[in-house]
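See below for the structure under consideration.
Note that these values count all heavy atoms, side chains included, but never hydrogens, waters or copies made by symmetry. Remember, predicted model here, so these are calculated numbers, not experimental data.
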Amino acid sequence: MSSEEKNLIEILEEGHKVDIVKYIDYVSAPQAGAIATFSGTTRDMFEGKAVLELRYEAYVPMATRCLSSICTAARSNWDIHKIAVAHRLGPVPVGETSVFIAVSSVHRADGLDACKFLIDELKATVPIWKKEVYTNGEIWKENSEFLEKRLELAEKRDSLVKKLVVGEHKRSCCGSKVRVQEDEEHKDIAGDNSS
């Protein structure tokens, strides 16, 4: 059985609830000594505001591809038997499950670590959007994991750009013979003149 055959990824259309037993049954196997799960449910309060429901939208083809990629990454880092990931779309009332992940593994550490990785990456990278509906209004929410991931990627990009620029100077015909000197007039590229 290939690794793709050992993943069950479902984006559930509006009106379909997450069947937790289905996903636990899917990952269960005689060789699995552990099944780690995560169940994300709609809570009744957020920052002092009463929550009525969450509403989810997704670009399903891309979300499915992203989830498949995340499962592949988890398999490359941990010894996992099977993975099940389900996410609801549409309204999810208080107390109901919106996302569920189950991971089976020989040992619990692999399953637990992979399960945490899967939910963190799902929230940071998969194109599923959440609107929180309160008694006094509603708001589209960015996950903190998404914001952290965006910052992390920006830092990696900046680091890569710096390495490329330094590398360009080393590879040029003049290499270390060229000295760049800032002149006072062009020193402030960002336009932040503090004088």
Side-chain angles (χ1 to χ4, degrees), residues 7-27 34-74 77-78 80 83-104 108-158 190 192:
N7 296 336
L8 175 59
I9 298 169
E10 294 185 337
I11 306 294
L12 304 170
E13 294 299 322
E14 187 171 332
H16 292 87
K17 291 185 178 185
V18 174
D19 182 353
I20 292 172
V21 173
K22 171 186 174 180
Y23 302 110
I24 291 174
D25 286 348
Y26 175 80
V27 301
I35 296 175
T37 64
F38 172 82
S39 179
T41 59
T42 303
R43 61 180 176 256
D44 64 352
M45 294 291 285
F46 180 75
E47 294 181 351
K49 294 182 252 178
V51 175
L52 296 175
E53 66 183 13
L54 300 178
R55 292 185 192 148
Y56 291 94
E57 292 182 12
Y59 177 48
V60 176
M62 184 181 278
T64 303
R65 281 193 305 273
C66 288
L67 287 168
S68 180
S69 177
I70 293 167
C71 290
T72 299
N77 288 302
W78 296 280
I80 297 168
I83 300 172
V85 180
H87 203 300
R88 283 176 69 174
L89 298 181
V92 181
V94 170
E96 290 189 13
T97 300
S98 56
V99 60
F100 186 78
I101 297 172
V103 178
S104 61
R108 72 178 176 270
D110 284 332
L112 290 168
D113 290 345
C115 193
K116 181 181 182 334
F117 169 81
L118 288 161
I119 188 60
D120 288 348
E121 288 299 304
L122 181 155
K123 290 175 77 67
T125 64
V126 178
I128 298 174
W129 302 281
K130 173 175 73 175
K131 180 188 282 188
E132 290 189 355
V133 181
Y134 309 109
T135 54
N136 62 347
E138 56 189 38
I139 187 169
W140 286 101
K141 299 287 287 196
E142 284 184 317
N143 290 314
S144 60
E145 293 87 353
F146 170 77
L147 298 173
E148 290 167 10
K149 186 72 154 189
R150 191 167 62 183
L151 179 61
E152 176 187 321
L153 291 174
E155 288 170 354
K156 283 182 182 178
R157 182 196 67 232
D158 291 347
D192 181 21

Checklist entry - Yes or no on side-chain contact (heavy atoms from CB on, under 4.5 Å) for Val126 and Leu67, after CA distance, side-chain angles and deciding distance? => result CA-CA 7 Å; Val126 178; Leu67 287 168; 3.8 Å; yes
Once you round to the nearest 0.5 Å, how far does [atom1] of [X] lie from [atom2] of [Y]?
X: Phe38; Y: Leu112; atom1: CZ; atom2: CG; value: 13.0 Å
X: Ser39; Y: Glu96; atom1: OG; atom2: CD; value: 11.0 Å
X: Leu118; Y: Asp113; atom1: CG; atom2: CG; value: 11.0 Å
X: Ile70; Y: Ile9; atom1: CD1; atom2: CD1; value: 8.5 Å
X: Glu132; Y: Lys141; atom1: CD; atom2: NZ; value: 4.5 Å

What is the minimum heavy-atom distance between [X] and [Y], and which atoms define it?
X: Ser104; Y: Ile35; result: CB-CG1, 4.1 Å
X: Leu122; Y: His87; result: CD2-CD2, 4.0 Å
X: Ile83; Y: Cys71; result: CG2-SG, 3.7 Å
X: Cys115; Y: Thr37; result: SG-C, 3.6 Å

Next on the checklist: Going by side chain to side chain contact (heavy atoms under 4.5 Å, CB included), Phe100 matches just one of Val85, Ile20, Ile119. Which one?
Outcome noted: Ile20
Checklist entry - Can any side-chain N or O of Tyr26 pair as donor or acceptor with the backbone N or O of Asn7 at less than 3.5 Å? => result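 Yes, Tyr26 side chain to Asn7 backbone: donor-acceptor pair under 3.5 Å.
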Checklist entry - Taking atom NZ of Lys17 as the centre, does the number of heavy atoms from other residues, nucleotides or ligands within less than 6.0 Å exceed 12? => result no
Checklist entry - Do Thr97 and Thr41 have a side chain donor and acceptor closer than 3.5 Å? => result no
Next on the checklist: side-chain contact (heavy atoms from CB on, under 4.5 Å), that's the test. Do Val103 and Val27 meet it? Break it down for me.
Outcome noted: CA-CA 6 Å; Val103 178; Val27 301; over 6 Å; no
Checklist entry - Just wondering, do Lys116 and Glu121 contact through their side chains at under 4.5 Å, heavy atoms? => result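 No, their side chains stay 4.5 Å or more apart.
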Acceptor/donor pairs from residues 48-65 side chains to any protein atom, 3.5 angstrom cut, sequence neighbours excluded:
{"unit_1": "Glu53", "atom_1": "OE2", "unit_2": "Arg55", "atom_2": "NE", "d": "2.6"}
{"unit_1": "Glu53", "atom_1": "OE2", "unit_2": "Arg55", "atom_2": "NH2", "d": "3.0"}
{"unit_1": "Tyr56", "atom_1": "OH", "unit_2": "Ser98", "atom_2": "OG", "d": "3.3"}
{"unit_1": "Thr64", "atom_1": "OG1", "unit_2": "Val60", "atom_2": "O", "d": "2.9"}

Checklist entry - Step by step, would you call Glu14 with Arg88 a salt bridge (charged side-chain N to carboxylate O under 4.0 Å, His left out)? => result CA-CA 7 Å; Glu14 187 171 332; Arg88 283 176 69 174; over 6 Å; no
